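Report on the structure given below.
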Amino acid sequence: MSDLKDFTALVTGANRGIGAAFAAELLARGAKVYAGARDPGSVPAELVDAGALPVALDVTDRAQVAKAAADCADVSLLVNNAGYFAGQRLVMADDPDAARAEMEVNYFGPLNTTRAFAPVLGGNGGGAIINVLSVAAIAPTPFMGGYSPSKAATLYLSGITRAELEPQGTRVTALIVGSVDTRMAGHVDGVKEKPSDIAKAGLKAMLRGEHVADTDWMAVDARARLARDPARYARGLAKLLHATELRTGR
């Protein structure tokens, strides 16, 4: 498969942000798109008008995931985008269950969908999986609490999935994403990437067969800083945590 018109895609969390951008870009480039969302009615009307097929899909509900795999048996591209950021610390958390909820959505969610759709992808020629991750996956990010460990776990999941599904020809691309102009980053100051640019970069990386792809300037910069001086990079992240605590009074 050399171009997106050859794909039938299922995008999780397609009702807004990066997921909606993936759905829009895939549709614009000729793919068939299933738009997964916990509430299928929340999929934007413009996506439905463009041809997206809403699918009820809570990635933490294995029965619902299995039904989606049965109903969408022509999928050749799985975009694991659905995510959850609790905005809690990891150790000094106000809600001790927040990290578990982040792991359920951000790690076990992609694991659930990958397990369910792996046979579908194999039956449709191998296909591909895109896992939408974060800069927080490549470096422990204290101000992102349980979100960072959950994304790091899914980076490992991506590598293991790639090895397991290689015999059936399934490509797996993990995307390292910086700050993006979405609801999750609404409280973040500074430059933010457009979700559409992340979608374009991610699809390009998948088509090129990249294993791990930095999608934007923040991801590239973070990787360079981490490689150059990991201890200094870690100290900088800790300073950001404490500066945030001072500013918010937490």
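The structure presented is a predicted model; accordingly, all values stated were derived computationally and were not measured.
Separating the OH atom in Tyr34 from the CG atom in Leu78 is a distance of 13.0 Å, to the nearest 0.5 Å. Here the straight-line distance linking atom CG of Leu133 with atom OG of Ser148 works out to 11.0 Å at 0.5 Å rounding. For the atom pair CE of Met206 and CZ of Phe22, the computed distance is 8.5 Å after rounding to the nearest 0.5 Å. With values rounded to the nearest 0.5 angstrom, Arg115 atom CZ is found 9.5 Å from Thr161 atom OG1. Here the CG-CG distance, from Leu10 to Leu26, works out to 10.5 Å after rounding to the nearest 0.5 Å.
When side chains are defined from C-beta on, Arg208 counts as touching Lys204, because their heavy atoms get closer than 4.5 Å. Considering only heavy atoms from C-beta on, Arg228 stays 4.5 Å or farther from Tyr233 through its side chain. When side chains are defined from C-beta on, Phe117 does not count as touching Thr170, because their heavy atoms never get closer than 4.5 Å. Taking 4.5 Å as the limit, some side-chain heavy atom of Phe7 sits within range of a side-chain heavy atom of Leu207. Taking the side chain as every heavy atom from C-beta outward, Arg100 and Met103 never approach each other to under 4.5 Å. Considering only heavy atoms from C-beta on, Asp216 comes within 4.5 Å of Val177 through its side chain. Between Val79 and Thr12, the closest side-chain pair of non-hydrogen atoms is not below 4.5 Å. Inter-residue side-chain proximity for Val65 and Leu57 is flagged as met; some heavy-atom pair is nearer than 4.5 Å.
In summary, Asp229 and Arg225 do not engage in a salt bridge, as defined by a charged side-chain N under 4.0 Å from a carboxylate O. Comment: Asp58 does not engage Arg38 in a salt bridge, judged by the lack of any side-chain N to carboxylate O separation of less than 4.0 angstrom. Contact check on Glu25 versus Arg29 returns a salt bridge, with a Lys/Arg side-chain nitrogen under 4.0 Å from an Asp/Glu carboxylate oxygen.
Exactly one residue among Leu165, Leu77, Thr173 makes a side-chain contact (heavy atoms from CB on, under 4.5 Å) with Ile129. That residue is Leu165.
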Worked check of side chain to side chain contact (heavy atoms under 4.5 Å, CB included) between Val172 and Thr114
CA-CA 10 Å; Val172 180; Thr114 298; over 6 Å; no
Going through the distances and angles, do Asn80 and Thr113 end up as a side chain to side chain donor-acceptor pair (under 3.5 Å)?
CA-CA 8 Å; Asn80 283 317; Thr113 56; 2.5 Å; yes
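Listed for the Glu102 side chain is a donor-acceptor partner under 3.5 Å among the backbone atoms of Tyr147. When atom types are taken as modelled, the side chain of Thr215 and the backbone of Ala213 share no donor-acceptor pair closer than 3.5 angstrom. Using modelled atom types, no side-chain atom of Glu104 and backbone atom of Gly109 make a donor-acceptor pair closer than 3.5 Å. Within the 3.5 Å criterion, the main-chain N or O of Gly13 finds a donor-acceptor partner in the side chain of Asn81. Side-chain N or O atoms of Gln88 include one that pairs as donor or acceptor with a backbone N or O of Asp94 at under 3.5 Å. Between the side chain of Lys32 and the main chain of Lys5, no donor-acceptor pair closer than 3.5 Å is present. Looking at Asn124, its side chain does come within 3.5 Å of a backbone N or O of Val75 through a donor-acceptor pair. Of the possible polar contacts, none joining the Ser150 side chain to the Asn106 backbone as a donor-acceptor pair under 3.5 Å is found.
Open room surrounds CZ on Arg62; 12 or fewer heavy atoms of other groups in view lie less than 6.0 Å from it. Counting heavy-atom neighbours within 6.0 Å of Glu46 CD, excluding the residue itself, gives a total above 12.
What you find for Ser134 and Ile176 is that their closest heavy atoms are O-CG2, 3.7 Å.
With hydrogens and angles left out, the side-chain atoms of Tyr107 and Asn112 include no donor and acceptor closer than 3.5 Å.
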